[in-house]
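See structure below.
We count ligands from 1, going down the list as the structure has it; atoms in each ligand are counted the same way.
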Amino acid sequence: MPEQPVLTEMPDQRAVFQRAAVFLRGHRLALAGVVALNLAGAVLTTGSTAAIGRVIDAAGGGDSGGLAVWAMVLLGLVAAGGGLAWLSRYWLVRVGERALAGLRDRAVAAVGTAPLRFVEANRRGELLRRVTGEIDGLGSFAAGTLPDLVTGAAVLGFTVVMLAAYSWLLTVVLLMTFVPPAVLIVRRFRARAGTAYGAVAAAEAAVAARFAESLPAQEQLRVNGAVPRWLERFRADNDRLLDTQGEQVRAELELNRLALLQAACVGGVLALGAWLVGRGLLTVGVAVVFVLAARDVFHRFEDLAAAIGEAREAHVRLARVLDLIRASAPAHPGRDGGALPARGDLTLSAVGFSYGGPHPAVEGLSLTVAAGERLVIAGRTGSGKSTVGKLMAGLYTPDTGVVRFAGHDLAAADPARVRARIVLVPQDVLLVDGTLAENLSMLPTRPDLRRVEAALGELGLTGWVASLPGGLHTPVGTHGSGLSAGERQLVAIVRAVLADPAVLILDEATAEVDHETAVMIEGALSAVAGDRTLVVIAHRAATIARGRRLLSMPAGHVDTSAGD
Ligand SMILES: Nc1ncnc2c1ncn2[C@@H]1O[C@H](COP(=O)(O)OP(=O)(O)OP(=O)(O)O)[C@@H](O)[C@H]1O
């Protein structure tokens, strides 16, 4: 049974921010600057509340000089505090955007270099969702909620300190009546929200995955009249999303209890403040500062509690992106750092591979394809031919046994070096959106147009390219002109020539390729072969007949009598 690195629907949510800290590495200085600005802004904002008390006391005591001075101080504090808050918010948003751009690059690179089994074993829509939707959600959090969270926490802390300096008695009463029930409410919310946000994220991903996967099959679904059945399945995903969203809203409503608590506490502070003023233990200015500051504490706390909900959601999103990066990492990345020779034998020793079903797709296959040899693999549908091709190309790691090129275990070699030596042209070649030339030159060596034209000439394909509406500049891929399966294989063969591999494995497009294209593929393959090892997974009787050495699947029986 192979190790199947699949994504977890509810990934590990422990120490998520610590694990993500690596993506902030280049931004630590900027973050320290943001925190310093934020603290300074919070001190000024808190100071302006204290200045209000001074203004009231100066006005009540008929001190017009003091009144003018404190009014000016108040204005200055409000203006400077606002300016610093704006600056720190702007800076924080910029740092967040840069850190998230880095995270997205890392996530896309992780999928780009992930083992083939990882990409096959996970839903495309789920992968898409994690590198787009989840990171976009983190972006909104970083730009919207995070600055409020940071500023709110700083102002809250300074306000409590200021209140204690005015009257520790009132502060203690305030904190004792407000904090314990508030903490209880937030804890209850956190307990429910963890699963609620995770369930929503998973349900959203399922909706996206169902849609993304079904879209390419849309034509066939319509032809077969299966659209209503597809809509039913989609509706089931949508209903699940609705249920999870309902649970999320119910969890968020827990936080509404804070408003009630807040109202009760403000009433209490007002009554106690009036009593202290009546006894001459407090000035009116200080009492006003107290009520204003207490309201500020409650509001900030409420904002923070609401932001905790969004922080929880961001936490889940981050956990899902980190899960993608973890699960997509190759199991043994490049243990053998040595260079692979330009030519060599390809050897399979007692190779076994299973997709996890009841029977292995390949079992105990031993075979040596000598350098420069041509081998045809044939067998009935589903007998494991393509699987052998992928094992030979190092795209799959065998569960048992070993595949070696020139004596190097492919599972331990650097995947980029393996790709440079062994190229597999799959049955269905997919092109990226862009011109034909762009698709052909999508190689680490970035061949220029002249080199591409030369390769086309070597393979006898200049005429075919000239027959396309825009020649080498013809748009291809999803939005370009449609190339047939056989023509797309031609594109991949040209790309293989440009990559100059030692071993070329062609998983022949199915028998439906028209005669003309089949001849072009055949001609290109003869031209490309040279001293290269050529393995053709045959679907056409003509190819099988021409095989000098035939590997018959599934028994892995090698027959040298076939063909000429
Ligand atoms: N990605 C996959 N996940 C699970 N099972 C798979 C996967 N790919 C192939 N299989 C199964 O493994 C077995 C061998 O498949 P494989 O594609 O290697 O056969 P094949 O001989 O190339 O078939 P064909 O001639 O139809 O292309 C089949 O039973 C198939 O259903």
Side-chain angles (χ1 to χ4, degrees), residues 1-7 111 114-127 209 212-214 216-217 220 327-328 330-331 346 348 350-367 369 375-401 403 410 422-430 484-486 488-489 492-493 503-513 517-518 521 525 534-547 549-559 562:
M1 172 81 183
E3 183 192 330
Q4 292 203 0
V6 284
L7 293 170
V111 175
L116 180 61
R117 274 306 287 141
F118 171 81
V119 179
E120 286 178 348
N122 290 285
R123 303 181 74 179
R124 298 279 158 100
E126 177 75 59
L127 298 176
E213 285 152 12
S214 309
Q220 275 160 41
S328 57
L346 189 65
L348 285 79
V351 167
F353 183 85
S354 161
Y355 288 99
H359 305 292
V362 177
E363 203 174 8
L365 177 63
S366 294
L367 170 78
V369 192
L375 176 77
V376 169
I377 304 179
R380 59 173 175 77
T381 286
S383 56
K385 304 182 293 295
S386 299
T387 309
V388 170
K390 287 171 188 164
L391 285 162
M392 283 178 163
L395 290 171
Y396 288 164
T397 303
D399 302 332
T400 53
V403 182
L410 296 187
I422 309 173
V423 169
L424 170 86
V425 175
Q427 229 171 0
D428 194 10
V429 175
L430 295 176
S484 70
R488 281 183 274 128
Q489 283 217 326
I493 294 171
V503 181
L504 178 64
I505 304 165
L506 175 85
D507 197 345
E508 199 177 58
T510 47
E512 282 83 55
V513 169
T517 313
I521 292 178
L525 276 182
L534 192 62
V535 177
V536 179
I537 298 165
H539 291 269
R540 284 192 288 272
T543 317
I544 298 168
R546 263 195 301 278
R549 189 165 176 240
L550 192 70
L551 169 66
S552 306
M553 294 299 294
H557 164 70
V558 179
D559 170 7

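- Atoms of ligand 1 lying under 4.0 Å from any heavy atom of G384, numbered from 1 in the order shown and given with element: 14 (C), 16 (P), 18 (O), 19 (O), 20 (P), 21 (O).
- Atom numbering of ligand 1 starts at 1 in the shown order; those under 4.0 Å from a heavy atom of E120 are 1 (N).
- The aromatic rings of F353 and Y396 sit parallel to each other, their planes meeting at less than 30°, with 60° as the upper class boundary.
- Distances between N or O atoms of G382 and those of ligand 1 include at least one value under 3.5 Å.
- For atom 10 (N) of ligand 1, the nearest protein heavy atom (residue, atom name, distance) is Y355 CE1, 3.3 Å.
- Remark: among candidates R117, K385, R380, the nearest residue to atom 20 (P) of ligand 1 is K385, based on non-hydrogen atoms.
- With values rounded to the nearest 0.5 angstrom, I537 atom CD1 is found 8.5 Å from K390 atom NZ.
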Legend entry - Stepwise side chain to side chain contact (heavy atoms under 4.5 Å, CB included) test for L367 and L375: CA-CA 11 Å; L367 170 78; L375 176 77; 4.0 Å; yes

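- Remark: ligand 1 atoms within the under-4.0 Å shell around heavy atoms of T381 are 23 (O), 25 (O), 26 (O).
- Closest approach of N122 and L7 over heavy atoms only: OD1-N, 2.8 Å.
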Inset, instruction - With salt bridge (Lys or Arg N to Asp or Glu O under 4.0 Å) as the test, would you mind laying out the steps for D428 and R488 before giving the verdict? - result: CA-CA 8 Å; D428 194 10; R488 281 183 274 128; 2.6 Å; yes

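- The distance from ligand 1 to the heavy atoms of T387 drops below 4.0 Å at these ligand atoms: 14 (C), 15 (O), 16 (P), 18 (O).
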Inset, instruction - Could you check Q489 against L506 for side chain to side chain contact (heavy atoms under 4.5 Å, CB included), going step by step and ending with a plain yes or no? - result: CA-CA 9 Å; Q489 283 217 326; L506 175 85; 3.7 Å; yes

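- Listed here is the closest heavy atom pair of G389 and I505: O-CD1, 3.8 Å.
- Remark: atom 30 (C) of ligand 1 lies closer than 4.0 Å to no protein heavy atom.
- For atom 17 (O) of ligand 1, the closest non-hydrogen atom of the protein is S386 CB, 3.7 Å.
- Taking a 4.0 Å cut-off on heavy atoms, K390 fails to register as neighbouring ligand 1.
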